[in-house]
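Numbering starts at 1 and runs along the sequence shown. In this text the structure is predicted, and so the values were computed from the model without any measurement.
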Amino acid sequence: MSTHPPVVGHRGMSSLAPENTMASFAACIDHGVTSFEFDVDIMGDGTLIVIHDNTLDRTTTGSGSYYDKSFSDLRALDAGQWFSSTYRFERVPELASVIELMNRANLDSNLEIKPCEGGTELRQSLVEGVAVSLRELDAERAIIVSSFDMELLAGMKEVAPHIPRACLFAWDDSPLDEQVDAWIEQATTLSATAIHPQNKELTRTHVERMTESGFKVNVWTVNDLNRAAELGQWGVNSVISDIAQDFPAESRAARPFA
């Protein structure tokens, strides 16, 4: 029996391949990691893309926002060479491609909806597009939709109430206990099944308060195996990690969202 909780590959296997690419997700298969986390936002023409930032600069050969661009603009961009020349010509994926891979390779996921800054219409299209796209996911596959943007999560609750939701939280400067209380209240309001708290500053008491309130706790981003084991002892449901390949086989094979 593993002493570590189930592990979820952060943006795929992001220490082995460029984050949020098909190569990064496919690497999960090679390392026996059955669950991964990835980010989804929307382009100006309604294309749902897998990318973390709200600009193209850091992870592609493009620059600037994509809220005013279309899929044809995206096709010319390289999303892999920043990581390594091995991944030249890797593309920014569409959500549909990730769903196809999940179905084909029996993978589960945590889909994070980015706090879209493209305006009201694009935000609505993002929520509706995610809900429609997930209809293509096989019933055997497990998924949870998370976001830092509570308005977008409320939108998901409205258009696809059957899809499990998780509230993502990062610490701010207010007292930690008050923040945890607020997280629980927010997650309750949104009928979320899970809370995804930031690893830093998280204590056993915080975890117990969330789990005793009826929520699963999936912690981000945990890149220390000793810390992961400690969190497991505290009762967390899973940890999201950049180094999922370093976890025991049992942790990699577990299905925290099923």
Peer 1: Might you point out which heavy atoms bring S147 and M150 nearest each other, and give the distance in Å?
Peer 2: O-CE, 3.6 Å
Peer 1: Establish whether L202 and F215 are linked, either directly or via other cluster members, by ILVMFWY side-chain heavy-atom contacts under 4.5 Å.
Peer 2: yes
Peer 1: Hey, does the side chain of D224 reach the backbone of N226 with a donor-acceptor pair shorter than 3.5 angstrom?
Peer 2: yes
Peer 1: Could you give me the CA-CA distance, side-chain angles and deciding distance for S133 and E94, then say whether side chain to side chain contact (heavy atoms under 4.5 Å, CB included) is met?
Peer 2: CA-CA 10 Å; S133 297; E94 291 185 81; over 6 Å; no
Peer 1: Do K216 and T193 meet the criterion of a side-chain donor-acceptor pair at a distance under 3.5 Å?
Peer 2: no
Peer 1: The criterion is salt bridge (charged side-chain N to carboxylate O under 4.0 Å, His left out); which residues satisfy it with R227, sequence neighbours excluded?
Peer 2: E230
Peer 1: In terms of side-chain heavy atoms, does E37 have a donor or acceptor partner in S146 at a distance below 3.5 Å?
Peer 2: no
Peer 1: My understanding is that only residues two or more places apart in sequence, or in another chain, count here; which of them pass salt bridge (charged side-chain N to carboxylate O under 4.0 Å, His left out) with D108?
Peer 2: R141, R255
Peer 1: Indicate if I51 and V145 have the same hydrophobic cluster label, given that clusters are the connected sets of ILVMFWY residues with side-chain heavy-atom separations under 4.5 angstrom.
Peer 2: yes
Peer 1: Taking I184 as the starting point, is it possible to reach I144 by hopping between hydrophobic residues whose side chains are less than 4.5 Å apart?
Peer 2: no
Peer 1: Identify the heavy atoms of R58 and D53 that sit nearest to each other, and give their distance.
Peer 2: NE-OD2, 2.8 Å
Peer 1: Looking at side-chain heavy atoms only, is the closest gap between I143 and N110 below 4.5 Å?
Peer 2: no
Peer 1: With rounding to the nearest 0.5 Å, note down the distance linking CZ in R135 to CG in L137.
Peer 2: 13.0 Å
Peer 1: With rounding to the nearest 0.5 angstrom, report the OG1 to CE distance, T21 to M13.
Peer 2: 12.0 Å
Peer 1: Over 60° means perpendicular and under 30° means parallel, so classify the ring planes of F36 and F38, tilted if in between.
Peer 2: tilted
Peer 1: Work out which heavy atom in L107 is nearest to a heavy atom in I29; give both atom names and the distance.
Peer 2: CD1-CG1, 4.2 Å
Peer 1: Please assess S65 against N54 for the test side chain to side chain contact (heavy atoms under 4.5 Å, CB included), listing each intermediate value before the final yes or no.
Peer 2: CA-CA 6 Å; S65 170; N54 60 12; over 6 Å; no
Peer 1: Determine, for R123 against D149, whether the closest basic-nitrogen to carboxylate-oxygen distance falls under 4.0 angstrom.
Peer 2: yes
Peer 1: Hey, what do you get for CD1 (I195) to OG (S213), rounding to the nearest 0.5 Å?
Peer 2: 7.0 Å
Peer 1: Does the side chain of L176 come within less than 4.5 Å of E201's, by heavy atoms?
Peer 2: yes
Peer 1: Of all the heavy-atom pairs spanning P256 and S35, show the shortest one and how long it is.
Peer 2: CD-OG, 3.5 Å
Peer 1: Would you check if there is a donor-acceptor pair between the side chains of H31 and R252 at a distance under 3.5 Å?
Peer 2: no
Peer 1: Decide if atom CD of E158 counts as having more than 12 heavy atoms of other residues, nucleotides or ligands within a radius under 6.0 Å.
Peer 2: no
Peer 1: Quick test of your reading of the model: are R88 and E90 salt-bridged, counting only N-O distances below 4.0 Å?
Peer 2: no
Peer 1: R11 and D39: side chain to side chain contact (heavy atoms under 4.5 Å, CB included), yes or no, with the steps?
Peer 2: CA-CA 7 Å; R11 306 177 197 168; D39 305 288; 3.7 Å; yes
Peer 1: Do you reckon V7 sits in the same ILVMFWY cluster as I240, going by side-chain contacts under 4.5 Å, direct or chained?
Peer 2: no
Peer 1: So, D78 and T61: side-chain donor and acceptor under 3.5 Å apart, yes or no?
Peer 2: no
Peer 1: Within the 3.5 Å criterion, strictly below it, is a donor on S63 or D57 matched to an acceptor on the partner's side chain?
Peer 2: no
Peer 1: Tell me if the CD atom of E185 is crowded by more than 12 foreign heavy atoms within 6.0 Å.
Peer 2: no
Peer 1: Please name the pair of heavy atoms, one in P115 and one in F148, separated by the smallest distance, quoted to 0.1 Å.
Peer 2: CG-CB, 4.5 Å
Peer 1: Please check this pair: side chain of D73 against backbone of S70, looking for a donor-acceptor N/O pair closer than 3.5 Å.
Peer 2: yes
Peer 1: Which value, rounded to the nearest 0.5 Å, describes the distance between E136 atom CD and I99 atom CD1?
Peer 2: 7.5 Å
Peer 1: Could you tell me whether a side-chain N or O of S241 sits under 3.5 Å from a main-chain N or O of H10, the two making a donor and an acceptor?
Peer 2: no
Peer 1: Please identify each residue that fulfils ring-ring contact (aromatic ring centres under 6.0 Å, His included) with W183, with sequence neighbours left out.
Peer 2: F169, W171
Peer 1: Working note: L48 + L126, criterion side chain to side chain contact (heavy atoms under 4.5 Å, CB included); need CA distance, chi angles, decisive distance, verdict.
Peer 2: CA-CA 7 Å; L48 297 184; L126 172 58; 3.8 Å; yes
Peer 1: State, with a plain yes or no, whether a side-chain heavy atom of H52 is found less than 4.5 Å away from one of K114.
Peer 2: yes
Peer 1: Is there a path of hydrophobic side-chain contacts, each under 4.5 Å between heavy atoms of I, L, V, M, F, W or Y residues, that connects L77 with I42?
Peer 2: yes
Peer 1: Does D177 come within less than 4.0 Å of R209, counting only side-chain N to carboxylate O?
Peer 2: yes
Peer 1: Looking just at side-chain N and O atoms, do N218 and H196 make a donor-acceptor pair shorter than 3.5 Å?
Peer 2: yes
Peer 1: Check whether the side chains of T47 and D45 place a donor and an acceptor atom closer than 3.5 Å, and report yes or no.
Peer 2: yes
Peer 1: Would you say D242 and S14 are linked by a side-chain donor-acceptor pair, where the criterion is simply a distance under 3.5 Å?
Peer 2: yes
Peer 1: Taking W82 for the side chain and T60 for the main chain, is one N or O donor matched with an acceptor at less than 3.5 Å?
Peer 2: no
Peer 1: Could you state the interatomic distance from NE2 (H4) to CG (L225), rounded to the nearest 0.5 Å?
Peer 2: 4.0 Å
Peer 1: Say you draw a straight line from CZ of F25 to OG of S97; how long is it, rounded to the nearest 0.5 Å?
Peer 2: 10.0 Å
Peer 1: So, for I113 and L152, which heavy atoms are closest and what is the spacing to 0.1 Å?
Peer 2: CG2-CD1, 3.8 Å
Peer 1: Does the side chain of D41 come under 3.5 Å of the side chain of Y67 through a donor N or O and an acceptor N or O?
Peer 2: yes
